[in-house]
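Report on the following structure.
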Amino acid sequence: APTFTHEFKTESFNGKTTFQTGVFIGGEFRDGADKTTIDVINPTNGKLITQIAEATAADVDIAVKVAQTVLETEWGLNASGELRASLLMKLALLMERDLDELSAIESLDNGKTFGWAKGTDVTFSIQTIKYFAGWADKISGQTIETDEKKLIYTRHEPLGVVGQIIPWNFPLLMFAWKIGPALATGNTIVIKPSEFTPLTALRMAALINEAGFPKGVVNILVGYGQTVGQAIAEHMDIQKVAFTGSTLVGRKIMAAAAASNLKNVTLELGGKSPNIIFDDADMEQAVNWAAHGIFWNHGQACCAGSRIFVQEGIYDEFLAKFTAKTQTINVGDPFAPGVDQGPQVSQLQYDRIMGYIDSGRQEGATVHIGGERHGTEGYFIKPTIFTDVTPEMKIVKEEIFGPVGVVIKFKDEEDVLRQANDTVYGLAAAVFSQNINRALETAHKLQAGTAWVNCVNQLHANVPFGGFKQSGIGRELGEYALHNYTNVKAVHVNLRHTK
Ligand code: TXE
């Protein structure tokens with residue numbers, strides 16, 4: 001399998017990266033079973049970055065066998081918590097050493113700015129691995145008192161070989177969120193990065209080897225959803241599948257799990273998060289956070305605050321200030337200093353977002369600002385705000401996953417709660433008010449797995465994240481994430497109970 005070399009001669013990062021690519025099984029890079037390749041495209045200019053080996057279903061079978069063998073010999077119940085903790089911590093320290101390089105690869109591959117890749121994606125990935133390193137030697141069950149003639153306790157055992165399927169919006173971060181809890185609890189992994197953004201995961205393969213994980217504990221297979229993703233979801237020897245992506249594919253994963261071996265399923269899916277600004281909010285803060293809410297990561301965030309509800313008394317003032325703030329967003333080369341927003345990830349996503357913008361126009365909404373491409377090459381879209389929207393419009397109902405927000409006027413608490421909760425999604429929500437009762441009462445009534453008060457898009461490795469309703473099943477991060485990766489076994493010991 002080939003080596004990928006790239007020289008970054010940018011103001012943000014002046015350096016070189018060289019790493020092996022390929023289908024990563026048993027600690028080694030190989031060609032895929034079908035010997036085919038995937039083109040990795042630079043979203044800034046639409047040009048080819050490199051070609052990497054494509055994994056297919058046959059590779060999943062090989063990887064699962066390798067992962068099962070290492071589970072039964074060097075990992076799983078055979079690796080102490082202390083060993084798992086120290087390997088995860090070593091991995092985090094290696095990521096810290098290569099912080100700039102990983103950030104540059106992420107920025108190149110995904111199109112997010114180097115600054116955000118470094119300050120958020122890679123830094124948060126390191127925190128996540130460290131956090132789960134801390135748990136690895138603290139996985140324990142309970143003793144349960146029932147009767148003096150019995151001793152009963154539980155063990156939290158690894159599930160076995162787990163499958164993980166991740167998207168392209170936070171490629172390295174999703175990799176870290178997935179492998180952290182799975183490794184801390186002693187599972188072995190077959191993970192599929194997105195075919196659009198495979199590079200940081202492949203760079204991580206070398207770091208996983210360097211940290212000293214037994215070969216085959218983590219297997220990384222870049223391939224397409226219908227082949228590798230589907231093969232993972234329906235595999236008879238994979239005990240659990242964790243998926244982040246669209247609700248559409250989430251349903252397929254669950255169906256495949258049900259039709260095969262009833263493997264455990266956790267899903268982190270889409271959102272259409274409400275961001276509620278009451279008339280007693282700190283206006284400047286609300287404006288700044290609202291812009292961050294929808295335009296962060298070019299709107300390609302599952303928790304993006306894409307429906308901005310503004311109370312009628314401050315609507316005009318908010319809209320004017322929000323527009324002015326949006327005009328300051330600097331769209332351009334993700335490696336150029338001072339740039340806030342790079343390109344969307346792919347031609348496909350660019351087309352989808354432009355399709356939504358067209359549908360908004362056709363359904364009678366007003367493009368208040370933006371609504372068109374930026375520049376002449378690459379997948380850049382101007383930050384866009386729609387007004388004059390109605391609840392049945394596609395741009396109000398569906399996840400756009402781009403820098404496109406809708407601003408909606410509301411009357412009072414009752415009105416906004418009804419509208420905010422009128423969605424199939426329930427991932428996140430935000431409320432802005434300086435009245436603590438109003439803010440907290442609203443936060444508690446919002447149907448969402450995360451509620452932010454006077455902030456948005458705040459995530460932390462220690463804090464659970466996941467969705468209500470069709471935004472998903474299960475929680476990632478925090479102690480809660482560990483429950484997705486262990487089987488609870490109850491052991492009943494008879495002391496003096498005679499039959
Ligand atoms: O997602 P997919 P796409 C949403 C967002 C976006 C839309 C489409 O609204 O516009 O989804 O994006 C793999 N069996 N989110 O098409 O297809 C695929 O290869 C198994 C929200 O890129 O869901 C990739 O690794 N796997 C989201 C992963 O699923 C399959 C993040 C996600 O891709 C598969 C991304 C199949 N049949 C998109 N088909 C979030 N929650 O953050 C595809 N995949």
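Positions are given from 1, in the same order as the sequence printed here. These values consider heavy atoms only, across backbone and side chains, with no hydrogens, waters or symmetry-generated copies. Start at 1 and go down the list; that is how both ligands and their atoms are numbered.
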Fill in the blank from the handout: When every non-hydrogen atom of S306 is compared with those of K272, the smallest separation belongs to OG-CD, 3.5 Å

Problem - Modelled atom types, side-chain donor and acceptor of T244 and K178, under 3.5 Å - result: yes

Exercise for the section: Evaluate the ring planes of F295 and F322, with Trp represented by its six-membered ring, and classify them as parallel (under 30°), tilted (30 to 60°) or perpendicular (over 60°). Expected result: parallel

Fill in the blank from the handout: Judged by heavy atoms only, the candidate from T244, V241, V249, I165 nearest atom 32 (C) of ligand 1 is T244

Completion exercise
Near F243 (heavy-atom distance under 4.0 Å), the atoms of ligand 1 are 23 (O), 28 (C), 29 (O)

Problem - For S194, atoms of ligand 1 separated by under 4.0 Å from a heavy atom - result: 25 (O)

Exercise for the section: Kindly determine whether Y485 and W135 satisfy ring-ring contact (aromatic ring centres under 6.0 Å, His included), including the steps that lead there. Expected result: CA-CA 13 Å; Y485 288 97; W135 272 116; over 10 Å; no

Problem - Ring-ring centroid check W75 F213, cutoff 6.0 Å - result: yes

Practice task
List the closest protein heavy-atom neighbour of atom 22 (O) of ligand 1: residue, atom name, distance to the nearest 0.1 Å.
Solution key: W168 NE1, 2.6 Å

Problem - Protein contact of atom 24 (C) of ligand 1 - nearest heavy atom, named by residue and atom, plus distance - result: I166 O, 3.6 Å

Problem - Nearest protein heavy atom with distance in Å, relative to atom 10 (O) of ligand 1 - result: Q349 NE2, 3.2 Å

Problem - ligand 1 contact by A233, heavy-atom criterion under 4.0 angstrom - result: no

Practice task
Kindly say whether the aromatic ring centers of W296 and F170 come within a distance under 6.0 Å.
Solution key: yes

Practice task
Give yes if a backbone or side-chain nitrogen or oxygen of L269 is under 3.5 Å from a nitrogen or oxygen of ligand 1, and no if not.
Solution key: yes

Handout entry: Whether F4 and F19 hold their rings parallel, tilted or perpendicular, with breakpoints at 30° and 60°
Key = perpendicular

Practice task
Give the residue and atom name of whichever protein heavy atom lies nearest to atom 35 (C) of ligand 1, and the separation in Å to one decimal.
Solution key: P167 CB, 3.5 Å

Problem - Top protein contact for atom 44 (N) of ligand 1, by heavy-atom distance - result: G225 CA, 3.4 Å

Completion exercise
of all protein heavy atoms, closest to atom 8 (C) of ligand 1 is R352 NH1, 2.9 Å

Practice task
State the atoms of ligand 1, each with its element, that fall below the 4.0 Å cut-off from a heavy-atom position in E195.
Solution key: 18 (C), 19 (O)

Handout entry: Matching residue for Q344 among Q300, R373, H298, Q349 - test: side chain to side chain donor-acceptor pair (under 3.5 Å)
Key = Q300

Practice task
Examine the side chains of N261 and H235 and answer whether a donor and an acceptor come within less than 3.5 Å of each other.
Solution key: no

Handout entry: Protein residue, atom and distance nearest to atom 40 (C) of ligand 1, heavy-atom basis
Key = C302 CB, 3.5 Å

Handout entry: Sub-6.0 Å ring centroid separation between F432 and W452
Key = no

Exercise for the section: Could you list which atoms of ligand 1 come closer than 4.0 Å to a heavy atom of E268? Expected result: 41 (N)

Handout entry: Per-residue contact class, L248 against ligand 1 - non-hydrogen pairs under 4.0 Å
Key = neither

Completion exercise
Any heavy atom of K252 under 4.0 Å from ligand 1? The part involved is side chain

Practice task
Note the single closest protein heavy atom to atom 23 (O) of ligand 1, along with its residue, its atom name and the distance in Å.
Solution key: S246 OG, 2.7 Å

Exercise for the section: Just let me know how N169 lines up against ligand 1, side chain, backbone, both or neither, with a heavy-atom cut-off below 4.0 Å. Expected result: side chain

Practice task
Check whether NZ of the Lys or CZ of the Arg K469 lies under 6.0 Å from the centre of the six-membered ring of Y425 and within 45 degrees of that ring's axis.
Solution key: no

